[in-house]
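All chains are named by letter (A, B, ...) in the order of the sequence lines, taking the proteins before the strands, and each is independently numbered beginning at 1. Because the structure is a prediction, the values reported are computed rather than measured.
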Number of protein chains: 2
Amino acid sequence: MGKQAVTIVDVAKAAGVSPSTVSHALSGKREISRPVKERIFEKIRELDYRPSFYAQAMKSNSTGMIGVVVNECRNPGTSLFIDSLAAELEKYSYKIVVGLAGLNHRKGAELLRHFSAGLVDGVFNLLPQITPEEAQVLCGSTPVVTNIRDRSIPIRLDYDKLTWTILHYLRDLGHRRIGYISSPTRDPRRPDSEATRQIMAEFLQKYGEEFDPRLVVEGDDSIEGGVSGTEQIMNHGDVTAIFAGNDQTAFGIYRWAYLNGVQIPDDLSVIGFDDVPQAATLIPPMTTVRFPVQEIVAHTVKLLIAKLRNETLPPGQISLEMPLVIRNSVADRNPCSRKSWNKTISGKQISTLNPRERTSTERSMTCQ
Amino acid sequence: MGKQAVTIVDVAKAAGVSPSTVSHALSGKREISRPVKERIFEKIRELDYRPSFYAQAMKSNSTGMIGVVVNECRNPGTSLFIDSLAAELEKYSYKIVVGLAGLNHRKGAELLRHFSAGLVDGVFNLLPQITPEEAQVLCGSTPVVTNIRDRSIPIRLDYDKLTWTILHYLRDLGHRRIGYISSPTRDPRRPDSEATRQIMAEFLQKYGEEFDPRLVVEGDDSIEGGVSGTEQIMNHGDVTAIFAGNDQTAFGIYRWAYLNGVQIPDDLSVIGFDDVPQAATLIPPMTTVRFPVQEIVAHTVKLLIAKLRNETLPPGQISLEMPLVIRNSVADRNPCSRKSWNKTISGKQISTLNPRERTSTERSMTCQ
DNA sequence: CTGCGCAATCAAAACGTTTTGACGGTTGTT
DNA sequence: AACAACCGTCAAAACGTTTTGATTGCGCAG
C-alpha cells in the first residue's frame, strides 16, 4: 500500500550525507567521523527512522527468524515447548515465528511452504501429522527439523522402554487392564497407537495374558479428546489405569472421572506425559512422565543452527531419559501393600514444583 | 548469506520468457496465452520455485502478518488468546507472528519496535506492563492495539463491577477476609492491584469494616507466583477466600493449598479468571470468571483491520459481560445455608466443558 | 494497401537496503 | 619534495519482486 514512512535516503538527505554513509554509521562496518556520525544519529532519532526489515532481509537473504509450526498453542505441552524454544534461540539472537495449523493437515503443509519461502531461516515442525520427510520436501532448501522423530537429531528417546517401564510400574501396583490414549499421528513408519499396542501385547504375552486392542485409542491432544477417549476405554470394563500421550489428554481423564463420580486414584489411576506445571496443581497431583524439553530444545536448536551455518555436528547421539515423576494419581491395588514405588517416593516428589529439584529421585525410576 | 535458490528470473529463462511475464502468469493481473502459461507453470513446478517472501513484501510494503507480543506462551489464558487470534485473523488471511517477551519490560519494548519495522502490518500488544500509549510510540506508524485497555477498542469491560460482583458473591457466602493476587502492571493510570485495593476498600466501607491492604498482592501470572502470593496473603490470618487475576495464578492457590494440607473449598475458597479449559479439570472444579476471548478477539481484530485499511469503524461501544462460572471451589460458610448461589447452580455448571453451552446460566450471575 | 485496435509480451524502473570499488584529502615517511 | 598509506565519504550495483508504459505482431475495417 503506502510507502515506508522514512527511509535511509531521507535520513541521508537530512544529514547531508549519502545513504551509504548512514548505513555504515549504523552497521559500524566502516569508520565514520565523529561529527558526521552524531549528525546522522540525531536525524535518525529526530525522524524516528527504522531500517526496513524487509530490505535488510532481502539483501542478506536471511531474516534472523525461525518458524515453528504447531497444532495449537493451548496445549500446555506445546506452549512450554514454544517458550523453551524462544529462550534457547534467543541465545543465537534468533526470533521465532509461530504458525498455528489447527488439527488440519493441509493447513500445516501450507504453513511450512509459506514459512520456507524466505520468511524464516529455519523451521521447527512440531506437527505429529507431518513426517520429517514430508516436512523436508515442503520446506525445500530451508533447513527443517521435525519434532524429535527426526533422525538427524542427535538425541535418542526410548519411547518403547518408557512404555515398558510404565506398564511394569502399573502391573507392580496390581493393575491388570490398562488403557492408553495416544496423540494423533500420520507417520506411517511409527503410528503412535500402533506401536504402543504392539508393546502392550508383548508385555502381556510375558505373563501369558491376552491383550485387548480396544484399550488403546487415539486422542487429539485435547482435554475433550481425553474425556471421550476415557469414555471409550471405560466401556470395555475393569480398566483400573489409563496413561496418556500427553498431560492435556490426561487432564481429560481427570475430567471424565469427576463427571462420572470416579475417584482418582482409588477407582482409576492416571499417568500423563509431559509434566507441565499444571500437572502438579491437580488434586491429587498427577503422576506423569517428565519430557526433557529443555535438553531436547537445546540440542535440537544446536542442530538447526549447524544446518543454518552449513556446519556439520560432531557425530554421536546422546540418550535422554524420560523419568516417571511419581505423584499421587496411581493407586496401589495390591491387597497387602508390599514395597510400593508409589508410597516410598511420592512424599518427596510432591513437595516440589520445579522439575530441576527432582532429578535425583526421578532417575532411579527409569532404570528398567 | 547464500543466494535464494531459484528466482523468477531462472523460471523466466527456463521458460524462454521475461520475468514480468512469469509474474503476470502468477498473479493473473494480465492475460497470458494458454501455451505460455502452461510452459511457465511447468517450469515452476520443475524448479520448485517459490516467490521470495521478502521481495514481495518489499514491493507491496505489507507482509500479511500480524505480530502479537506476549509475556509467555505457557500461561493457558495467553495461549488461548493466541489460538483465538490466529483463527480470527485467518478469516482476513493474515498470519500471526508471536513474540515472547518473558517478564522483561525492555525485551517487550524491543520486540514491539522490531515488529513494527515492517516485519508485520499490525501489532497486538498483550503485555500488561506496556501501556497503550507506550506501545503506540514504540510501534511508530504501525497500527497497534493493546490488549483490552486500549481506549480505541469498541468494547467496554467493566472490571470494577466484576470485582464488586465477586466481593458480593463471596460475602454473601459468609467470607469476610478476602485476598486478591493481581497481574503485573506498570500502567500508571490503572495499576491493577491498586484499583482492586480501592474497590475492596469501598466495598468494605459499606459494611463499616476496615480494609487490610496486605491482602492484595501482585503476582506474575505464573503458578509459582500464585503459590507465593497465597503464602503471603495467608500469613495475615483468617483469610477464607482468594481470587486471582488469572487462572494460572489460581492454579498456584490450589498448589499452595495442597502443599499445606489446606482443603479447597472447605478451608479456602478460590476464584480464578479466564476460564481456561484446565479450570474445569481441577478437583474441585474451579469457580472462575469467563473472559470472553472469542468476542474480544473478534472485535479487536475488526478494529485492527479497519486501522490497516485506513477505514474508520462505526462508532459505538458494545458492553461485554464477564460472567462468574460457578463450579465448586467456593464454600458456603454461612451457618445455616440460606439461598446460596453456589449450591443452586453448580450442579449444572460443572457438567459441561464447553463454555458455549453455559451461557444462559452465566448471564444471570452477572446482574449485579 | 494503409492504418487501427487489440492481445500478448517485454524492458525498465522502483521498492530500501548493503556492499564494494573509487576518489579526494590529509598525514607520515624518506 | 615526492610518494605511500590511510581515512572518510560517495556513487553505483545488487538483492527478487511488481508495475507500468512501450513494443511487437496480428486480424480487420476503411
Which residues pass the side chain to side chain contact (heavy atoms under 4.5 Å, CB included) test with B/Ala86, sequence neighbours left out? A/Leu100, B/Ile96
Rounded off to whole Å, could you give me the CZ-to-P distance for the A/Phe53 and D/dG16 pair? 17 Å
Set out, line by line, the N/O atom pairs under 3.5 Å between protein and nucleotides 24-28 of chain C.
none

Nearest-neighbour nucleotide for the B/Thr7 side chain, C/dT17, D/dG16, D/dT18 considered: D/dG16
Identify whether the distance between the nearest side-chain nitrogen and carboxylate oxygen of A/Arg39 and A/Glu42 falls below 4.0 Å. no
Among residues at least two apart in sequence or on other chains, which ones pass side chain to side chain contact (heavy atoms under 4.5 Å, CB included) with A/Ser23? A/Ile8
Sorted by chain and number, sequence neighbours left out, salt bridge (Lys or Arg N to Asp or Glu O under 4.0 Å) with B/Asp220 holds for none
Contacts of type side chain to side chain contact (heavy atoms under 4.5 Å, CB included), residue B/Ser116, not counting sequence neighbours: A/Arg50, B/Cys139, B/Thr142
Give me the residues of residues 24-43 of chain A where at least one heavy atom lies under 4.0 Å from an atom of DNA chain C, by number, or none. A/His24, A/Lys29, A/Arg30
Send over the distance from A/Lys13 NZ to C/dG16 P, rounded to a whole Å. 11 Å
Salt bridge (charged side-chain N to carboxylate O under 4.0 Å, His left out) pairs touching residues 27-37 of chain B, sequence neighbours excluded, are B/Arg34-B/Glu38
Salt bridge (charged side-chain N to carboxylate O under 4.0 Å, His left out): pairs with one or both residues in residues 120-131 of chain A, sequence neighbours excluded: none
Would you list the pairs meeting side chain to side chain donor-acceptor pair (under 3.5 Å) in which at least one residue belongs to residues 85-100 of chain A, sequence neighbours left out? A/Glu88-A/Lys91, A/Glu90-B/Lys107
Please round to 10 degrees the angle between the axis of the first five pairs and the axis of the last five pairs in the helix from C/dC1-D/dG30 to C/dT30-D/dA1. 70°
Do A/Lys43 and A/Asp48 sit within salt-bridge range, that is, some charged N less than 4.0 Å from a carboxylate O? no
Is there a donor N/O on one and an acceptor N/O on the other, under 3.5 Å, for the side chain of B/Ser20 and the base of C/dA11? yes
Between C/dC15 (P) and B/Asn61 (CG): distance, integer Å: 10 Å
Can you measure A/Met58 atom CE to C/dT17 atom C1' for me and round it to whole angstrom units? 9 Å
Show me the donor-acceptor pairs, under 3.5 Å and distance only, between side chains in residues 296-305 of chain B and residues at least two apart or in other chains.
from: B/His299; atom 1: ND1; to: B/Glu295; atom 2: O; distance (Å): 3.0
from: B/Thr300; atom 1: OG1; to: B/Ile296; atom 2: O; distance (Å): 2.5

According to side chain to side chain contact (heavy atoms under 4.5 Å, CB included), who are the partners of A/Ser33, at least two apart in sequence or on a separate chain? A/Pro35, A/Val36
